[in-house]
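Heads up: numbering here begins at 1 and tracks the sequence. Quick caveat: nothing in here was measured; it's all calculated off a predicted structure.
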Amino acid sequence: MTSVDELTRQINSVDPAVGLRAVGALRRLAEQVEATSVARAREQGWSWEQIGDALGMSRQSVHAKYRGTP
């Protein structure tokens with residue numbers, strides 16, 4: 001796993017390939033955090049509408065993305 005300091009260095013690199021790899025790493029991290037948070041919200045009884053509102057998505061979109069989550 002890449003540290004925050006390492007990602008910051010990569011984002012600020014003059015080499016576009018390094019910066020773009022950092023973007024990919026950040027996207028993967030954001031997806032992991034989102035999936036974990038959605039699972040926790042569902043475990044705590046949140047509705048798909050509440051989760052969608054919190055994410056700035058429609059309930060239909062968030063449900064379609066995470067429908068396998070309890």
side-chain contact (heavy atoms from CB on, under 4.5 Å) between Val18 and Ile11, worked out: CA-CA 7 Å; Val18 172; Ile11 289 166; over 6 Å; no

Looking only at heavy atoms, which two atoms of Trp48 and Tyr66 are closest? And how far apart? CH2-O, 3.3 Å

Supply the atom-to-atom distance Asp53 CG to Ser47 OG, rounded to the nearest 0.5 angstrom. 7.5 Å

Can you tell me how far CZ of Arg42 sits from OG of Ser37, rounded to the nearest 0.5 angstrom? 14.5 Å

Gln44 side chain to Ala41 backbone, donor-acceptor under 3.5 Å: no

When you compare the side chain of Lys65 with that of Glu34, does any pair of heavy atoms fall below 4.5 Å? yes

Of all the heavy-atom pairs spanning Ala25 and Leu7, show the shortest one and how long it is. CB-CD2, 3.9 Å

A side-chain contact here means heavy atoms from C-beta on lying under 4.5 Å apart; do Leu55 and Val38 qualify? yes

Spacing of Gln10 atom CD and Leu26 atom CG [to the nearest 0.5 Å]: 9.0 Å

Under 4.5 Å between any side-chain heavy atoms of His63 and Arg67, yes or no? yes

Looking at Trp46, does the NZ or CZ of Arg40 lie under 6.0 angstrom from its six-membered ring centre and within 45 degrees of the ring axis? no

Which is it for Arg59 and Ile51 under the side-chain contact (heavy atoms from CB on, under 4.5 Å) test, yes or no, and what are the steps along the way? CA-CA 7 Å; Arg59 75 173 170 77; Ile51 296 168; over 6 Å; no

Please determine if Arg28 and Glu31 form a salt bridge, counting it only when a charged side-chain N lies under 4.0 Å from a carboxylate O. no

Short question: side chain of Ser61, backbone of Met57 - any donor-acceptor pair under 3.5 Å? no

